[in-house]
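Below you'll find the structure, written out as structure tokens, and then a few comments.
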2 protein chains.
Amino acid sequence: MNKKKSNYSEYALFHLAVDSIIFGFDEGELKLLIHKRKFEPFMGDWSLFGGFLKEEESLSDAANRILFELTGLQKIYMEELQTYGDIERDPAGRVLSVAYYALIPAHRYSEDYSKQYGATWVSLKELPDLIMDHNDMVKSALRRLRRRTASQPIGFELLPREFTIPQLQSLYEAIYQTELDKRNFRKKILSMGVLVKLEEKDMSGSRKGAFLYRFDKRKYERLIEKGYNFTI
Amino acid sequence: MNKKKSNYSEYALFHLAVDSIIFGFDEGELKLLIHKRKFEPFMGDWSLFGGFLKEEESLSDAANRILFELTGLQKIYMEELQTYGDIERDPAGRVLSVAYYALIPAHRYSEDYSKQYGATWVSLKELPDLIMDHNDMVKSALRRLRRRTASQPIGFELLPREFTIPQLQSLYEAIYQTELDKRNFRKKILSMGVLVKLEEKDMSGSRKGAFLYRFDKRKYERLIEKGYNFTI
DNA sequence: ATAATTAAGTGTAATTATAACACTTATTAA
DNA sequence: TTAATAAGTGTTATAATTACACTTAATTAT
């Protein structure tokens, strides 16, 4: 490479934050992990989890780091949502925030972390006022989640590895805020051929018990290659 | 507000660029507006249009400003794509880039601007190597455009205000790289009831001429309110 | 004037996907 | 043994999508 470098020193510099909209599914409801902010401004107010981008860190590394520091979880489904760049969004200085949304299997999130970070699961139906533009971020993330779960099999990221059909249906019902017919739902999801039925039953939800299934990612990917189009 | 301010001075600072993937539709093909970069590094190489975020400017203002400076066009369809934040993406310094994609009616883009900015329309099929991660941005924008045009009526942004059904079909064929049946296409698009047929014919494409139509945004919005779901 | 050319425009039948709907079964607790 | 409860199952009606071929309006060439 024989290119002259430019150092861009004439251009402005900005702080960059990463904020995470962390979704979970528990007790038949879609939930969000939030906490009370630990520094000024807005100390003590409800906030998404976030942090600042470091000098020697890529943006996606930062998003993963922040989620890991908070939950101890890695290899979590995460997708960039949008970058928020209004001038006045943070009264304490010019900070742009890259919002990511993450789907975590709520059962894997331990109480220990919850205490350590003061994290709380709140139902999306009774979401409190969050600081700055965080409520906008949540709204936008929810819209995105609805679009995505309708066309990609990411709902499974919110469930344990082994789950029942009624659990899966209840998840979609929570995401779309609508009731689904269980016969049609079962027919549709099983017809795709991406679920593997296990021998075992989950007896926790009913007397009869419901068979456990597992999502087979390989099968799904083979279907996609053939041009298959996942939709709920 | 009785909140103490924090100035975040302990956190790192970054340059922020905005890069625009500008799509147009001409001669039955989807095209991209690019130019030869005017400064180091990579001076003279093919690049998307971009610029740096200014101190007193919101992110979306910056995106609009850059597009306006280049094309003289305002109120253009534009959507944020993704923020690119790899450490080494720009060899001349740490710069994060927020990519936007824009849809412009190619006929409104005048030759004058083209000369002034050295802008060139290139077919997506013969896209040259672009600098840094710009080819990734284009790939990602194209995926997004395909998803969006399938579920929202944004294709019209690429056409003149008055267009024919065969033109519209040809646009979708270019976007999806597939052939569509003209009877089924016409049936589908007209059945939505969002196109208004005009008296006039466009005689440029054939001897018989094709009737002109206009997209009626109001009607579309009324449909959406009723829960209608636009799909091609 | 007439014929040839060309893309626009049109309808129907077959197939597939979606939506609506009610009873039986496995298990546990009383 | 019975009562209770959620899981599990099939069919029919309706709507959406796909496949498919000829006619028409206007222009150009003869």
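This is a predicted model, so every value here is computed, not measured. Letters A, B, ... mirror the listed sequences (proteins, then strands); counts begin at 1.
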Exercise. Closer to the 5' end of DNA chain D via nearest nucleotide, is it A:Gly205 or A:Lys197?
Worked result: A:Gly205

Exercise. Does the C:dA8 base have a donor-acceptor partner in the side chain of B:Lys208 within less than 3.5 Å?
Worked result: yes

Problem set entry | Distance in angstrom units between B:Tyr213 OH and C:dA8 P, rounded | 12 Å

For this session: Could you tell me how the ring of A:Phe185 sits relative to the ring of A:Tyr172: parallel (under 30°), tilted (30 to 60°) or perpendicular (over 60°)?
Result: tilted

For this session: Starting from P on C:dA17, measure out to CG on A:Asn229 and report it in whole angstrom.
Result: 12 Å

For this session: Please check the phosphate of D:dA16 (OP1 and OP2 only) for any side-chain N or O of B:Lys188 closer than 4.0 Å.
Result: no

Problem set entry | Nearest-0.5 Å distance that lies between atom CD1 in A:Ile165 and atom CZ in A:Phe211 | 11.5 Å

For this session: Establish, from distance only, whether the side-chain atoms of B:Asp19 and B:Ser97 form a donor-acceptor pair under 3.5 Å.
Result: yes

Problem set entry | Euclidean distance, atom CG of residue A:Asp181 to atom P of D:dG8 [Å, nearest integer] | 15 Å

Seminar exercise, completed: Between B:Leu124 and B:Phe23, the two heavy atoms sitting closest are CD1-CE2, 3.8 Å

Exercise. Atom CZ of A:Arg186 and atom P of C:dA22: how far apart are they, to the nearest Å?
Worked result: 19 Å

Problem set entry | Donor/acceptor link under 3.5 angstrom from B:Arg207 side chain onto base of C:dA7 | no

For this session: Write down the distance between NZ (B:Lys201) and P (C:dA8), rounded to a whole number of angstrom.
Result: 10 Å

Seminar exercise, completed: Separation of D:dA16 atom C1' from B:Ile232 atom CD1, nearest Å, is 14 Å

For this session: Consider the side chain of B:Arg183, meaning its heavy atoms from C-beta on, and name the nucleotide among C:dT10, C:dT12, C:dA8 that approaches it most closely.
Result: C:dT10

Seminar exercise, completed: Result for 5'-nearest mapping on DNA chain D, choosing between A:Lys187 and A:Ser206, is A:Ser206

For this session: Establish whether the base of D:dG8 is bridged to the side chain of A:Lys182 by a donor-acceptor pair shorter than 3.5 Å.
Result: yes

For this session: Using Watson-Crick or G-U wobble geometry with both distances below 3.5 Å, tell me the partner of D:dT30, or none.
Result: C:dA1

Exercise. When rounded to the nearest 0.5 angstrom, what distance separates CD1 in B:Ile34 from NE2 in B:His134?
Worked result: 11.0 Å

For this session: Provide, to the nearest angstrom, the distance between the CG atom belonging to A:Asn184 and the C1' atom belonging to D:dT12.
Result: 12 Å

Exercise. Quick one: B:Phe185 CZ to C:dA7 C1', roughly how many Å, whole number?
Worked result: 16 Å

